[in-house]
Q: 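Take this structure first; my questions come after.
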Amino acid sequence: MRASKFFISTIKEAPSDAEIASHKLMMRAGLIKRLAGGIYTLMPMGLRVVRKVENIVREEMNRAGAIELSMPVVQPAELWQESGRYKQYGPELLRFKDRHDRDFVMQPTSEEVITDIARNELRSYRQLPVNFYQIQTKFRDERRPRFGVMRGREFTMKDAYSFHADFDGLKAEYQNMFDAYTRIFTRLGLKFRAVAADTGSIGGTGSHEFHVLADSGEDALAFAPDSDYAANVELAEAMAPAKPRGAAGAAMQKVATPNKKTCEQVVEQLGLPLSQSVKAIALMHEPEEANAAKGVVATTGKRFFMLLLRGDHELNEIKAGKVAGLSPFRFATPAEIANYVGCEPGYIGPVGLDAPRVTIVADRSVAAMSDFVCGANEAGYHLTGVNWVRDLPEPAVVADIRNAVKGDPSPDGKGELDICRGIEVGHIFQLRTKYSEALKSTVIGVDGKPVLLEMGCYGIGVTRIVGAAIEQGHDERGIIFPAAIAPFTVGICPIGIKKSDAVKAAAETLYSELQAAGIDVLLDDRDERPGVMFADMELIGIPHRFTIGDRGLKEGKIEYQGRTDSAATQIAPAEALALLKSKLAL
RNA sequence: CGGAGCGUAGCGCAGUCUGGUAGCGCAUCGCGUUUGGGACGCGAGGGUCGUAGGUUCGAAUCCUAUCGCUCCGACCA
């Protein structure tokens, strides 16, 4: 490609609403242009990157035996009503009416449509297994779109759906997809990790997320450096401490802690470590009916819970939701806390409560504590030297309700956990029969009777990968794309192309040679000043560059410089292709 | 959805408090000089100041409403 025939729209200053490196750099490099919140035009340069990602995904999906199709972006509401997701999905699902006043949605995913295809087209177990996929535009009306393409509303996603006559078939395909994803992210040149993920309300036995590792990631991942254990922190089991509960060593004492409402403030006053304190979180279990009747005083079915966490730990709401009888819950109001505990928030604790009215749920690590500090249920006071059994009954429930932290024992028993951050770029899921049941999708099994289809689904965020790759690869000069997805593999910068016939000839020769070798080459024939050409190539993240100028040609040399090289290498023009090929083979 | 902030040229911003000719840098266009790290000079074009009302002789500026965007939180996955 000649730069003069292409469209390069780099800018020096990023728009002020771009916060993270990838968003700023994508804007500055002219890869994307914002049209509305979370909605971007892929400019020619950006589209080339997306296409390269798509092609790798497509090749590996095909290799794994999946079959490409393309489903509509606009889908009738009826299908979504049938699956129940029309109600369930909430405002993230974009809904609208056509001219006949019929309801439609913009697809956020396509389980309904593919299951509809399956029930109409799949008749016999002999047609299984089958895995359909598409690379398609998705729309999710995110409450807070941000970070450019990382959390956009409109984005490109590869979504695949597999169908099986039995669970074993699903498990086999799940593993097949796991392996395919591993190949895809490896080929994309990304540092990534597959982690166990929450299966949510669907249940089932398996779900893994694939995360690109980056400090700016929105997800925290727990992993064991000594083993292959890795899980989203949402899910990672937080183990009880290895040591059992210690014996009581101190008498329980009430101490005045005026205006000290947080664990941090209290331990600071007492000169104790944060891990010696217990924080209490007041939750109210409130059934859906009571929610619906807001305003009306509906106490039926409400239950007050006090959750106990070590002062240095964080509540995991997903885990809390799994405590028997707690879900659905919300944080209790100050009035409710006063009613059940007789005290204002900041000084509440588990000692001396009316057990039937207040259910105590202790985290595993709290259950193993002794001589701890907690609120005294009296404004301005805390208790020290508190011990289970002696000072208060054993907690009604002991459960894992916190986020795992660095240094926790690994759930697989091998070493300790560490925490890193990741950007979710892939998610594979054993859906089982959720949709086939809802849409009554069966095939005739071996025994001649209908069986519900077992389903798996497998997503990859194509546009998000571009952002993730930039988060992982950039410096002060711009983007450092992995070679596999760079918009161009190599750039040629001829200095003074309009002035020097020698430069022009050498550049054209090299350009033809690289093109003939099938290499994606950008010849910068814009007759820009060298600084402009270099800055653009580096900002856009082109991995390799040849510079051709009169100065070098006099010596019979041109220059090669890799995007991350600190200096250029002088080479003979005839060696350029061989050198580049050796670099690409790495 | 709650809290905060911002909407002035393609981008980054000043001007708003204290009403009176709409500005700066980058980018763009023309001419010239430049040509190994985002050149320089001279000249030019481009804005109904988010939108709609109101106050006023006069509104970017004050008031009201509304829309959009951003951040923090909640929510969702």
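Residue numbering restarts at 1 for every chain, and letters A, B, ... go by the order of the sequence lines. Just so it is clear, the structure is predicted and the values come from calculations on it, not from any experiment.
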Q: Could you list the protein-to-nucleotides 37-39 of chain B atom pairs, N/O on both sides, closer than 3.5 Å?
A:
residue: B:G37; atom: O4'; partner: A:Gly531; partner atom: N; Å: 3.4
residue: B:G37; atom: O6; partner: A:Arg545; partner atom: NH2; Å: 2.8
residue: B:G37; atom: N1; partner: A:Glu538; partner atom: OE1; Å: 3.2
residue: B:G37; atom: N1; partner: A:Glu538; partner atom: OE2; Å: 3.0
residue: B:G37; atom: N2; partner: A:Glu538; partner atom: OE1; Å: 2.3
residue: B:G38; atom: O2'; partner: A:Lys12; partner atom: NZ; Å: 2.7
residue: B:G38; atom: O6; partner: A:Arg28; partner atom: NH2; Å: 2.9
residue: B:G38; atom: N2; partner: A:Asp536; partner atom: OD1; Å: 2.8
residue: B:A39; atom: OP2; partner: A:Arg529; partner atom: NE; Å: 3.1

Q: Measure from the side-chain N and O atoms of A:Ser500 to the backbone N and O of A:Val503, and report whether any donor-acceptor pair falls under 3.5 Å.
A: yes
Q: What's the CZ-P distance between A:Arg526 and B:G36, to the nearest Å?
A: 17 Å
Q: Answer yes or no: is there an ion pair linking A:Arg402 with A:Glu314, defined by an N-O contact shorter than 4.0 Å?
A: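 So A:Arg402 does not pair with A:Glu314 through a salt bridge.
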Q: Filter on salt bridge (charged side-chain N to carboxylate O under 4.0 Å, His left out), then keep only pairs touching residues 550-569 of chain A, sequence neighbours left out; what's left?
A: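 Salt bridge (charged side-chain N to carboxylate O under 4.0 Å, His left out) check on residues 550-569 of chain A returns A:Asp475-A:Arg563.
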Q: State which residues pass side-chain hydrogen bond (donor to acceptor under 3.5 Å, both in side chains) with A:Glu513; sequence neighbours excluded, sorted by chain then number.
A: none
Q: So, does the side chain of A:Glu234 form a donor-acceptor pair with the base of B:A77 at under 3.5 Å?
A: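 Looking at the base of B:A77, it does pair with a donor or acceptor on the side chain of A:Glu234 (distance under 3.5 Å).
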Q: If the condition is salt bridge (Lys or Arg N to Asp or Glu O under 4.0 Å), which residues does A:Arg95 pass it with, not counting sequence neighbours?
A: none
Q: Under a 3.5 Å limit for both distances, which nucleotide forms a Watson-Crick or G-U wobble pair with B:C62, could you say?
A: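 Partner of B:C62: B:G54.
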Q: What residues form a side chain to side chain contact (heavy atoms under 4.5 Å, CB included) with A:Cys457, not counting sequence neighbours?
A: A:Glu111, A:Tyr161, A:Phe429, A:Leu431
Q: Taking the six-membered ring of A:Phe488 (Phe, Tyr or Trp), confirm whether the NZ or CZ of A:Arg48 is under 6.0 Å from its centre and within 45° of its axis.
A: yes
Q: What is the distance, to the nearest angstrom, from the CG atom on A:Asp141 to the P atom on B:C76?
A: 16 Å
Q: Whole angstrom is fine here: how far is it from CG in A:Leu315 over to P in B:A74?
A: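 In whole Å, B:A74 P and A:Leu315 CG are 11 Å from each other.
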Q: With rounding to the closest Å, how many angstrom separate the C1' atoms on B:C75 and B:G12?
A: 34 Å
Q: Find the partner of B:G37: check Watson-Crick (N1-N3 plus N6-O4 or O6-N4) and G-U wobble (N1-O2, O6-N3) distances, both under 3.5 Å, and reply none if neither fits.
A: none
Q: My understanding is that a pair needs two contacts under 3.5 Å, Watson-Crick or G-U wobble. By that rule, which nucleotide pairs with B:U18?
A: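 Partner of B:U18: none found under 3.5 Å.
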Q: Over all strands shown, is A:Glu209 touching base, sugar-phosphate only, or nothing at heavy-atom distances under 4.0 angstrom?
A: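 Answer is nothing: A:Glu209 stays at 4.0 Å or more from every strand.
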Q: Return whichever of A:Ala14 or A:Ile318 has its heavy-atom-nearest nucleotide of RNA chain B closer to the 5' end.
A: A:Ala14
Q: Using the P atom on both, measure B:U35 against B:C40 and round to a whole Å.
A: 14 Å
Q: When you compare B:C69 with B:G50, how far apart are their C1' atoms, in angstrom units rounded to a whole number?
A: 10 Å
Q: If you measure from the P atom in B:C24 to the same atom in B:G45, how many Å do you get, rounded?
A: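 About 13 Å, rounded to a whole number of Å.
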Q: Specify the separation, in whole Å, of atom CD of A:Glu528 and atom P of B:U34.
A: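 Spelled out: CD on A:Glu528 to P on B:U34 is 18 Å.
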Q: Provide the distance between the two C1' atoms, one in B:C62 and one in B:U56, to the nearest whole Å.
A: 10 Å
Q: Distances under 3.5 Å only, N/O to N/O: pair up the protein atoms with those of nucleotides 68-73 of chain B.
A:
residue: B:C71; atom: OP1; partner: A:Glu19; partner atom: OE1; Å: 2.2
residue: B:C72; atom: OP2; partner: A:Arg144; partner atom: NH1; Å: 3.4
residue: B:C72; atom: OP2; partner: A:Arg144; partner atom: NH2; Å: 2.1

Q: In whole Å, measure the gap between the P atoms of B:U8 and B:C13 for me.
A: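 The answer is 10 Å between these two P atoms.
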Q: RNA chain B: A:Ile548 or A:Phe331, which has the more 5' nearest nucleotide?
A: A:Ile548
Q: In whole Å, what separates the C1' atom of B:U61 from that of B:C49?
A: 10 Å
Q: Hunt down the Watson-Crick or G-U wobble partner of B:G30, both distances under 3.5 Å, from any strand shown, or write none.
A: B:C42
Q: Does the structure show a Watson-Crick or G-U wobble partner for B:G7, both distances under 3.5 Å? Name it, or say none.
A: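 WC or wobble partner is B:C67.
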Q: In whole angstroms, how far is the C1' atom of B:A77 from the CG atom of A:Asn232?
A: 10 Å
Q: May I ask which nucleotide in the shown strands pairs with B:G12, Watson-Crick or G-U wobble, both distances under 3.5 Å?
A: B:C24
Q: Can you check whether A:Thr41's main-chain N or O pairs, donor with acceptor, with A:Lys33's side chain at less than 3.5 Å?
A: no
Q: Does A:Ala214 have any side chain to side chain contact (heavy atoms under 4.5 Å, CB included) partners at least two apart in sequence or in another chain, and if so, which?
A: A:Ser216, A:Ile423, A:Glu471
Q: Output the rounded distance in Å from CE (A:Met27) to P (B:A27).
A: 18 Å
Q: With both distances under 3.5 Å as the test, what is the Watson-Crick or G-U wobble partner of B:U48?
A: none
Q: Over how many whole Å does the gap from A:Glu424 atom CD to B:C76 atom P extend?
A: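 It works out to 16 Å between those atoms.
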Q: Base, sugar-phosphate, or nothing: which does A:Glu559 touch, judged by heavy atoms less than 4.0 Å apart?
A: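 Answer is base: heavy atoms of A:Glu559 come under 4.0 Å of a base.
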Q: Can you list everything that forms a side chain to side chain contact (heavy atoms under 4.5 Å, CB included) with A:Lys5? Sequence neighbours excluded, please.
A: A:Arg2
Q: Work out how far the P atom of B:G5 is from that of B:A22, and round it to whole angstrom.
A: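 Each nucleotide's P atom is 30 Å from the other's.
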Q: Using the salt bridge (Lys or Arg N to Asp or Glu O under 4.0 Å) criterion, which residues pair with A:Arg526? Sequence neighbours excluded.
A: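 Once residues adjacent in sequence are excluded, the partners of A:Arg526 under the salt bridge (Lys or Arg N to Asp or Glu O under 4.0 Å) criterion are A:Asp524, A:Asp536.
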Q: Please report, rounded to the nearest Å, how far the P atom of B:G36 is from the NZ atom of A:Lys499.
A: 10 Å
Q: What closest approach, in Å, do A:Asn232 and A:Ala220 show between heavy atoms, and which atom pair accounts for it?
A: OD1-O, 3.4 Å
Q: Do nucleotides 2-9 of chain B as a string where each nucleotide becomes B, S or -: B if the base has a protein heavy atom under 4.0 Å, S if just the sugar-phosphate does, - if no protein is that close.
A: --------
Q: Does anything in residues 151-162 of chain A form a salt bridge (charged side-chain N to carboxylate O under 4.0 Å, His left out)? List the pairs, not counting sequence neighbours.
A: A:Lys138-A:Asp159, A:Asp141-A:Arg153, A:Glu142-A:Arg151, A:Arg151-A:Glu218
Q: Let's test this: given Watson-Crick or G-U wobble pairing with both distances under 3.5 Å, identify the partner of B:G2.
A: B:C72
Q: Please name all residues satisfying side chain to side chain contact (heavy atoms under 4.5 Å, CB included) with A:Thr182, sequence neighbours left out, ordered by chain then number.
A: A:Phe178, A:Thr186, A:Phe192, A:Phe210
